[in-house]
Amino acid sequence: MASILTTAGLRIGFVGLGNMGQAMALNMQAHRVANGNPPISVYNRTPSKTLPLAEKGALVCESPSAVAANSDVVFLSLFNGDSVKQVLSEIFNALTGGPKSDNPLIIADTTSVHPETSRWVIDQLAARQKSFCRQVEFSQTPVWGVPRTAMDAKLVIVTSGSSRKLIEALAVPAIARLALDCGTDVSCAAKFKILGNFMIGAVMEALAEAMAVAEETGIGRELYLEFVKEMFPVPPVVVHATMMTAQSGEAAKSQVNLNVPGAMKDVCAAIDVAGEAEMRLPIAELVREHLQWVIDNGDSNWDCTSLAFALRKNAIKKE
């Protein structure tokens, strides 16, 4: 059961201010201050990323452990599982020893990670909790959305662990429009996010194949986009179809929401999750193949919708 039962007066921290983290932190800062709560504390490895938060009154800290020391709830928004382990190791080391405090710490990780990372956190807490000066609770709290969605506070967030209801109360409507409760198993939340990302990847693959055939048969990407907008008017579908059409189909080279390595990480994680259940995700394997084509033949800094490049012209024709 969560050790903190109300959001009023809570001190909130954010570690990681990339495109998603900065947008979430700005929205959280505005929402907390507008409701009479303390300003949030923030840290980012690149200090310039903290400037927009400082201008809004947030407290800029010199390290992740400093954010934790000044917070009741810390949200993480990092690049990958290795980054999460590095940041949490620093926080856990800082919590080891010292005078005991009755003030618990809740850590909500919004990073998209492999379930192995969630299990690592739980194992660390089980092994080290008695040595900490504060009780620590962990919630795997991944989000769905792109930077624009994050700026508009329209993310969908997954909550897990014993503090999930508190995280939901903090997140909606400050940074998200909806929270999905994944129960007490934090690794289940990581799997849920990975399978959600797989579904989006599968949509991209279907769009890329259809767009390629539409172009080759004289229908054209633009007309096919109109069909998509009318029949599948939901953000992941329309956004990706538009990316595959804009700038004569080349928008993925300059408009990057999720780059190719990020998408490759997600699709490989989905394949692993299926493998743990002794199953396969054939579409995920195909997406991986086409993302690898972009890495080998294009630029890994392109947006993940560039997988469509692997399907153009002769790429999908029968020999």
Side-chain angles (χ1 to χ4, degrees), residues 4 6-80 83-84 86-91 94-95 103-113 134 136 138-159 163 166-177 179 256-259 262:
I4 301 176
T6 178
T7 65
L10 286 183
R11 301 169 302 159
I12 308 301
F14 264 86
V15 175
L17 301 174
N19 290 337
M20 296 291 287
Q22 188 183 80
M24 288 190 286
L26 283 167
N27 285 332
M28 183 66 78
Q29 168 69 4
H31 188 268
R32 297 297 289 171
V33 172
N35 286 278
N37 293 292
I40 70 172
S41 300
V42 299
Y43 168 81
N44 193 71
R45 186 175 56 182
T46 304
S48 60
K49 291 281 191 176
T50 65
L51 294 178
L53 273 301
E55 292 173 357
K56 299 295 184 181
L59 175 65
V60 177
C61 296
E62 61 183 13
S63 66
S65 57
V67 172
N70 202 50
S71 303
D72 301 302
V73 181
V74 175
F75 287 87
L76 307 182
S77 180
L78 304 169
F79 178 67
N80 58 22
S83 302
V84 171
Q86 181 179 355
V87 166
L88 288 183
S89 292
E90 179 188 326
I91 292 175
L95 289 171
N103 187 29
L105 173 65
I106 296 172
I107 297 172
D109 180 21
T110 70
T111 313
S112 295
V113 297
R134 299 170 67 184
V136 178
F138 179 72
S139 174
Q140 196 67 59
T141 315
V143 299
W144 279 296
V146 297
R148 179 73 257 176
T149 317
M151 286 186 279
D152 293 339
K154 299 298 183 184
L155 296 168
V156 173
I157 191 167
V158 177
T159 60
S163 301
L166 179 72
I167 300 300
E168 177 180 349
L170 285 170
V172 181
I175 64 175
R177 65 177 178 85
V256 181
N257 288 314
L258 175 65
N259 65 19

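Numbers for residues simply follow the sequence, beginning at 1. Side-chain atoms are counted along with the backbone in the values below, which use heavy atoms only and exclude waters and symmetry mates.
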Any donor-acceptor N/O pair, [X] side chain to [Y] backbone, under 3.5 Å:
X: Asn103; Y: Asp72; answer: no
X: Glu168; Y: Thr159; answer: no
X: Arg32; Y: Leu10; answer: yes
X: Gln22; Y: Lys49; answer: yes
X: Asn35; Y: His31; answer: yes

Can you measure from [atom1] ([X]) to [atom2] ([Y]) and round to the nearest 0.5 angstrom?
X: Phe14; Y: Met24; atom1: CZ; atom2: CE; value: 5.5 Å
X: Ile12; Y: Leu59; atom1: CD1; atom2: CG; value: 13.5 Å
X: Leu26; Y: Ile175; atom1: CG; atom2: CD1; value: 12.0 Å
X: Ile157; Y: Ser139; atom1: CD1; atom2: OG; value: 8.0 Å
X: Tyr43; Y: Leu53; atom1: OH; atom2: CG; value: 14.0 Å

Got a sec: does the CZ of Arg134 have more than 12 other heavy atoms crowding it under 6.0 Å?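 Counting neighbours around CZ of Arg134, more than 12 heavy atoms of other residues, nucleotides or ligands fall under 6.0 Å, so yes.
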
Which atom names give the shortest non-hydrogen contact between [X] and [Y], and what distance separates them?
X: Ala153; Y: Pro173; value: CB-O, 4.0 Å
X: Val67; Y: Ser41; value: CG1-O, 4.0 Å
X: Ala174; Y: Asn27; value: O-CB, 3.2 Å
X: Val156; Y: Arg177; value: CG2-NH2, 3.6 Å
X: Pro64; Y: Glu90; value: CD-OE2, 3.3 Å
X: Leu166; Y: Thr7; value: CD1-CG2, 3.6 Å

Please assess Val73 against Ile167 for the test side chain to side chain contact (heavy atoms under 4.5 Å, CB included), listing each intermediate value before the final yes or no. CA-CA 9 Å; Val73 181; Ile167 300 300; 4.0 Å; yes

Can you tell me if Ser65 and Ser63 form a side-chain donor-acceptor pair at under 3.5 Å?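 Ser65 vs Ser63: donor-acceptor pair found between side chains.
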
Among Leu76, Val74, Asp109, whose side chain to side chain contact (heavy atoms under 4.5 Å, CB included) with Leu88 holds?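 Of Leu76, Val74, Asp109, side chain to side chain contact (heavy atoms under 4.5 Å, CB included) with Leu88 is met by Leu76 alone.
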
Run through Leu155, Thr110, Asn257 and flag the one making a side chain to side chain contact (heavy atoms under 4.5 Å, CB included) with Met20.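 Per the side chain to side chain contact (heavy atoms under 4.5 Å, CB included) rule, the option paired with Met20 is Leu155, out of Leu155, Thr110, Asn257.
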
